[in-house]
Amino acid sequence: ANVPTPYNTPVPDVVPTGMTVAAASISNGGTLTGQTITWTLASLAPGASTTLTYTASIDDGAVPGQTFKNTATLTATSIAGSGGRTYTLQSSDTVVAASPKIAKTLVSTIGAPNNDTKQASIGDTVTYTIVASIPQGIVLSTASVSDTIPSGLIDVTPVSETCQLTGGGACPGFSPSFTGPVSPGNVATWGLGSPDASGNAATVTIVYTAVVADVPANSATPTPTQLPNSALLSWKPTPSTTASTGPAVAPLSVAEPALSILKTNSGTGPFDGQTPISFSVKVSNGAVANVSTAYNTAVSDVVPAGIPV
């Protein structure tokens, strides 16, 4: 009740710069002029509603996390023609450009049946893979990956750095470089240049190896040493600002052989010189978690003088 029909109802929708409207998608006879879509509705009866639709896409070259605010304005009058009251309402919606993501995985070649790929023994070489996913249309300006290397890992060695577009081919603007771990923080850095995912999503893949150091701090007992390793993807939205995503963490725990040796003889003694004495030496390695295979295993037994073998 008491709701009259509004008349002379234009609805302009100003699409923000940096977005492109698909003109063919505009419903209800709307027209596109520059960045403004305009619908004109003669009237709108009480209780009636009209849904006006279109599609638009974010242009190539957007900055990750960039916001696009879109405002539609409804104007109507209380009577047809002139002389009535004018009503104006607005409604806005904001879309955000997608941001890149980073993930990190570890592969250990420890090889023992009771060890998984997140464990490594002293001296093992482990392989890390860092994957940065860049959404379509995004350019990461002055991008880099910084990786905090735990002190229990040494000999960080880059294996490969690539950037591939989903549609095939290398990423424009990708220019990899590597700086080994430096203090403070023992951080290794891969410069990426400014990879450009215009037209296709892009995937940056970094592979490197490291060695589990033979240092006292690396131990499997009583509690396995943890060597977490984290990577952060950074870029510059503007020359004076830095944004980042992550960190992506790949856990690693130290495993070691849990060796024991036991020597016994078969007699009860005391022994005379005529009775042979049987000796046995039992060597074992534990079977619980964080126990790794023992290699180059040798046993020596020094028989005391006076006991011929």
Side-chain angles (χ1 to χ4, degrees), residues 104-130 147-160 178 180-188 206-231 247-309:
K104 185 172 186 180
T105 57
L106 161 72
V107 175
S108 168
T109 56
I110 191 168
N114 64 311
N115 302 114
D116 62 29
T117 57
K118 296 180 181 178
Q119 295 176 323
S121 197
I122 307 298
D124 269 346
T125 297
V126 293
T127 300
Y128 290 97
T129 300
I130 301 169
D147 195 324
T148 303
I149 309 296
S151 59
L153 293 179
I154 58 174
D155 298 338
V156 175
T157 304
V159 175
S160 62
F178 173 71
V182 295
S183 297
N186 208 36
V187 176
I206 296 170
V207 180
Y208 72 93
T209 61
V211 175
V212 181
D214 185 5
V215 293
N218 282 346
S219 174
T221 57
T223 301
T225 301
Q226 302 299 313
L227 301 174
N229 194 335
S230 60
V249 179
L252 170 64
S253 62
V254 173
E256 288 187 279
L259 298 173
S260 63
I261 183 169
L262 177 65
K263 182 173 180 179
T264 59
N265 68 74
S266 60
T268 57
F271 300 98
D272 59 30
Q274 301 299 315
T275 304
I277 306 170
S278 296
F279 292 93
S280 66
V281 179
K282 181 180 181 180
V283 293
S284 304
N285 192 9
V288 297
N290 299 301
V291 174
S292 60
T293 299
Y295 297 91
N296 306 311
T297 308
V299 177
S300 62
D301 189 340
V302 179
V303 181
I307 301 182
V309 176

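All figures in this text were calculated on a predicted structure; none of them were measured in a lab. Numbers here are sequence positions counted from 1. The figures here come from the full heavy-atom set of this structure, side chains too, leaving out hydrogens, waters and symmetry mates.
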Going from CD on E256 to OG1 on T225, what distance comes out if it is rounded to the nearest 0.5 angstrom? 8.0 Å

Rounded to the nearest 0.5 Å, the CG atom of N290 sits from the OG atom of S253 at a distance of 5.0 Å

Rounded at 0.5 Å granularity, tell me how far CD in Q119 sits from CG in L227. 12.0 Å

Beyond-backbone contact of V212 with L153, side-chain heavy atoms, under 4.5 angstrom: yes

Give me the atom names and distance for the closest heavy-atom approach of A250 to Y128. CB-CE2, 3.9 Å

Contact between S260 and S284 at the side-chain level, heavy atoms closer than 4.5 Å - yes or no? yes

Using a 3.5 Å distance criterion without hydrogens, assess whether the side chain of S219 forms a donor-acceptor pair with backbone atoms of A217. no

Is any side-chain heavy atom of T209 less than 4.5 Å from a side-chain heavy atom of V159? yes

Report yes if the side chains of V126 and L106 come closer than 4.5 Å at any heavy-atom pair, otherwise no. yes

Do the side-chain N and O atoms of S280 and T264 include a donor-acceptor pair separated by under 3.5 angstrom? yes

Hey, could you give me the CG/CG distance between N229 and D147, rounded to the nearest 0.5 Å? 4.5 Å

So which atom in D124 and which in S121 form the shortest heavy-atom distance, rounded to 0.1 Å? OD2-N, 2.8 Å

One should read off an interatomic distance between I122 CD1 and N218 CG, to the nearest 0.5 angstrom, of 4.5 Å

Could you walk me through whether I130 and Y208 satisfy the side-chain contact (heavy atoms from CB on, under 4.5 Å) test, starting with their C-alpha distance in whole Å, then the side-chain angles of each, then the deciding distance to 0.1 Å, before giving a yes or no? CA-CA 9 Å; I130 301 169; Y208 72 93; 4.0 Å; yes

Scanning both residues in full, the closest heavy-atom pair of P150 with N186 reads O-ND2, 3.8 Å

Take T297 and V283 through the test side-chain contact (heavy atoms from CB on, under 4.5 Å) and record every step on the way to the result. CA-CA 10 Å; T297 308; V283 293; 5.6 Å; no

Mind listing the closest non-hydrogen atom pair of A294 and N285 along with its distance? N-ND2, 3.8 Å

Considering non-hydrogen atoms only, spot the tightest contact between I149 and A188 and give its length. CG1-CB, 4.2 Å

Between Q226 and L252, is there a side-chain heavy-atom distance shorter than 4.5 Å? no

Would V281 and D301 count as a side-chain contact (heavy atoms from CB on, under 4.5 Å) if you check the C-alpha gap in whole Å, the side-chain angles of each, and the deciding distance to 0.1 Å? CA-CA 9 Å; V281 179; D301 189 340; 3.7 Å; yes

